[in-house]
Amino acid sequence: MGPGTADDGTTGDGALGRPELLAALREEDPERQEALRRRAEAVRTACVGEAVHLRALIEVSNHCIRRCTYCGLRAPNRRLARYRLSMNEVLDAARSAASLGLGTVVIQAGEDPALTERWVAELVRRLKGETGLAVTLSLGERTPAELRAWRRAGADRYLLRFETSNRALFRHVHPDAPGWGADRLDLLRVLRDLDYEVGSGVIVGLPGQTWNDLVTDLETFRRLDLDMIGVGPYLAHPDTPLGRSAGCAPPGPGQVPPSETVTGRVVALTRLLCPRSNIPATTAVETLAPGRGYECALSFGANVLMPCFTPATQAARYETYPGHNERLVSSAQAVADARRRIAALGRVVGTGDGMSPNVVRRRAVGGAA
Ligand code: SAH
């Protein structure tokens, strides 16, 4: 039984080859789309159940040395007021997450060299020691030595989206850092070798992304046997090169639109291809469709929500795209809101650390070998 195949009698990826994936991604017929949604939900129910796990997202720094053409945190964006949380601010946010019953903190930032190997290792040790929460890091492209040190310090998971499997497009939107040209797919392999739970994902509707690219993205999720997969629509940021240029040129014929429905179909197909992975309903889809984006993703196969725990004084500055964290209420209210929306869907809030069943299975197989 290969990765991505349900072993419980449920149809997993079935016969999803490239032609089927392409057709399903482009399917606009409401009835066929509903059939895809139901199929994804059946696999989601069988493989990860009714629980929706809550993760406390703490955006520790919006400093970034990179120049990604889609992202508002890019170094040349002088209109953004920069911030970096102190260790105590991060620990306070994590304690409040623990007291509200969450099992995981996600520590995310721009690519910020001031978050040194030592500082992050110390933060991870204190988070584990003082809160007992599972710790996910999402700090961009860092060296294998840093990733190893943080794993040794106790970090459980790492998120690094490969953004698009189209290598030429990726290079175009994500120029190398001076003197450091890491390959994200190579880093995902390093993370796997270090026995992290590995998360990745893509942006849906990135300018220049074709339907065929998106099919390859889905195939790459399956090939990498990812434990967590985040996908969200592209949202243009006016203070970025891509955000400024989009709208000037008409989209090409094969361009994927960054829409809620396409994102729903990508989530559904991801669930079919990677049945046991944890799939978040991302902030981007909720920003695109306020008040219903989370529901859309959760009813197309997603099983994770990530309420924001970044201190309210700074949260709006983590502006990867406009509107990110804009409607931010307190973290306690964000959790209450998430619980209410999960209950309204007839789902339950997950307990414990919500480790991906994909990891449980891989470690069991590895341990038995
Ligand atoms: N520096 C880290 C974290 C970046 S923010 C890293 O690069 O991994 C997390 C994610 O936000 C990115 O991986 C990207 O997929 C997404 N993102 C950034 N800008 C975006 C935009 N304009 N629209 C949609 N998603 C975006």
Side-chain angles (χ1 to χ4, degrees), residues 1-7 10-27 32-33 35-37 39-40 43-44 47-48 158-174 183-193 197-234 254-259 261-280 282 297 300-303 356-359 361-362:
M1 184 107 9
T5 316
D7 56 8
T10 319
T11 313
D13 60 355
L16 286 175
R18 283 192 76 90
E20 291 79 16
L21 290 172
L22 188 61
L25 276 176
R26 305 190 71 162
E27 184 61 71
R32 294 208 195 133
Q33 188 169 289
L36 170 67
R37 193 190 73 76
R39 193 174 158 201
V43 172
R44 193 266 303 154
C47 297
V48 298
Y158 203 97
L159 300 175
L160 183 70
R161 291 187 179 179
F162 60 81
E163 314 292 6
T164 170
S165 53
N166 177 331
R167 304 302 282 244
L169 178 59
F170 182 69
R171 273 195 299 277
H172 178 65
V173 298
H174 182 85
D183 181 301
R184 288 196 169 205
L185 294 179
D186 285 348
L187 285 177
L188 291 170
R189 276 184 280 274
V190 169
L191 291 164
R192 171 56 50 77
D193 288 346
E197 284 179 56
V198 180
S200 192
V202 297
I203 299 177
V204 174
L206 194 61
Q209 180 190 52
T210 66
W211 295 103
N212 268 312
D213 293 335
L214 206 44
V215 170
T216 309
D217 294 345
L218 288 164
E219 292 184 323
T220 306
F221 295 162
R222 176 167 54 185
R223 180 169 58 79
L224 295 175
D225 189 25
L226 294 170
D227 306 313
M228 302 170 282
I229 304 167
V231 298
Y234 168 71
Q255 171 68 47
V256 173
S259 71
T261 46
V262 176
T263 304
R265 297 200 292 271
V266 174
V267 169
L269 291 167
T270 300
R271 174 58 68 203
L272 296 181
L273 293 169
C274 305
R276 293 177 197 77
S277 62
N278 280 334
I279 302 178
T282 55
F300 274 79
N303 71 322
S356 157
N358 205 46
V359 181
R361 177 165 162 277
R362 187 174 54 248

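Since we're looking at a predicted model, the values are computed, not measured.
Remark: side-chain polar atoms of Arg265 are paired, donor with acceptor, to backbone N or O of Leu25 under 3.5 angstrom. Thr164 places no side-chain N or O within donor-acceptor distance of the main-chain N or O of Val202, the cut-off being under 3.5 Å. A donor-acceptor pair is defined here as one N or O able to donate and one able to accept, closer than 3.5 Å; such a pair exists between the side chain of Asn358 and the backbone of Leu226. In this structure, Glu27 contributes its side chain and Leu22 its backbone to no donor-acceptor pair below 3.5 Å.
The minimum heavy-atom distance linking Ser200 with Arg161 is given by the pair OG-CA, 3.3 Å. Taking every heavy atom of both residues into account, Pro233 and Ile203 meet most closely at C-CG2, 4.1 Å. Contact between Val267 and Ala302 at its shortest, heavy atoms only, is CG1-N, 3.8 Å. Nearest heavy atoms, Pro357 versus Val48: CG-CG1, 3.8 Å. Taking both residues in full, the closest heavy atoms of Ser356 and Arg276 are given as OG-O, 3.1 Å, listed atom of the first, atom of the second, then distance. The two residues Pro275 and Cys47 come nearest to each other via the heavy atoms O-CB, 3.3 Å.
Leu273 has its side chain within reach of Leu21: a pair of non-hydrogen atoms, C-beta onward, lies under 4.5 Å apart. Taking 4.5 Å as the limit, some side-chain heavy atom of Val266 sits within range of a side-chain heavy atom of Thr270. Between Asp217 and Phe162, some side-chain heavy-atom pair lies under the 4.5 Å cut-off. Contact check for Phe300 versus Thr263: no side-chain heavy atoms found under the 4.5 Å cut-off. Between Glu163 and Arg184, the closest side-chain pair of non-hydrogen atoms falls below 4.5 Å. Between Pro258 and Leu206, every side-chain heavy-atom pair lies at or beyond the 4.5 Å cut-off.
Annotation: the span from Arg37 atom CZ to Arg271 atom CZ amounts to 14.0 Å, rounded to 0.5 Å. With rounding to the nearest 0.5 Å, the separation of CZ in Arg39 from CG in Leu272 is 5.0 Å. Note that the CH2 atom of Trp211 and the CD atom of Gln255 stand 9.5 Å from one another [nearest 0.5 Å]. We find the CZ-CG distance between Arg222 and Leu269 to be 10.5 Å, quoted to the nearest 0.5 Å. Expressed to the nearest 0.5 Å, how far CG of Leu185 lies from OG1 of Thr220 amounts to 7.0 Å. In this structure, the separation between SG on Cys274 and CG on Asp225 is 7.5 Å, given to the nearest 0.5 Å.
Side chain to side chain, Thr210 and Asp213 meet the donor-acceptor criterion of an N or O pair below 3.5 Å.
Between Arg18 and Glu219 there is a salt bridge, since a side-chain N of the basic residue sits under 4.0 Å from a carboxylate O of the acidic one. For the pair Asp227 and Arg192, the salt-bridge criterion is met [side-chain N within less than 4.0 Å of a carboxylate O].
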Apply the test side chain to side chain contact (heavy atoms under 4.5 Å, CB included) to residues Gln209 and Asn166: give CA-CA distance (whole Å), side-chain angles for both, the deciding distance (0.1 Å), then the verdict.
CA-CA 8 Å; Gln209 180 190 52; Asn166 177 331; over 6 Å; no
_Could you walk me through whether Leu224 and Leu188 satisfy the side chain to side chain contact (heavy atoms under 4.5 Å, CB included) test, starting with their C-alpha distance in whole Å, then the side-chain angles of each, then the deciding distance to 0.1 Å, before giving a yes or no?_
CA-CA 8 Å; Leu224 295 175; Leu188 291 170; 3.9 Å; yes
| Stepwise salt bridge (Lys or Arg N to Asp or Glu O under 4.0 Å) check, Asp183 with Arg167 | CA-CA 10 Å; Asp183 181 301; Arg167 304 302 282 244; 2.2 Å; yes
| message | Assess the residue pair Val231 and Phe221 against the criterion (side chain to side chain contact (heavy atoms under 4.5 Å, CB included)); give the C-alpha distance rounded to whole Å, side-chain angles, the decisive distance to 0.1 Å, and a yes or no. | response | CA-CA 11 Å; Val231 298; Phe221 295 162; 3.9 Å; yes
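Residues passing the side-chain contact (heavy atoms from CB on, under 4.5 Å) test with Pro280 are Thr282, Val304, Met306, sequence neighbours excluded.
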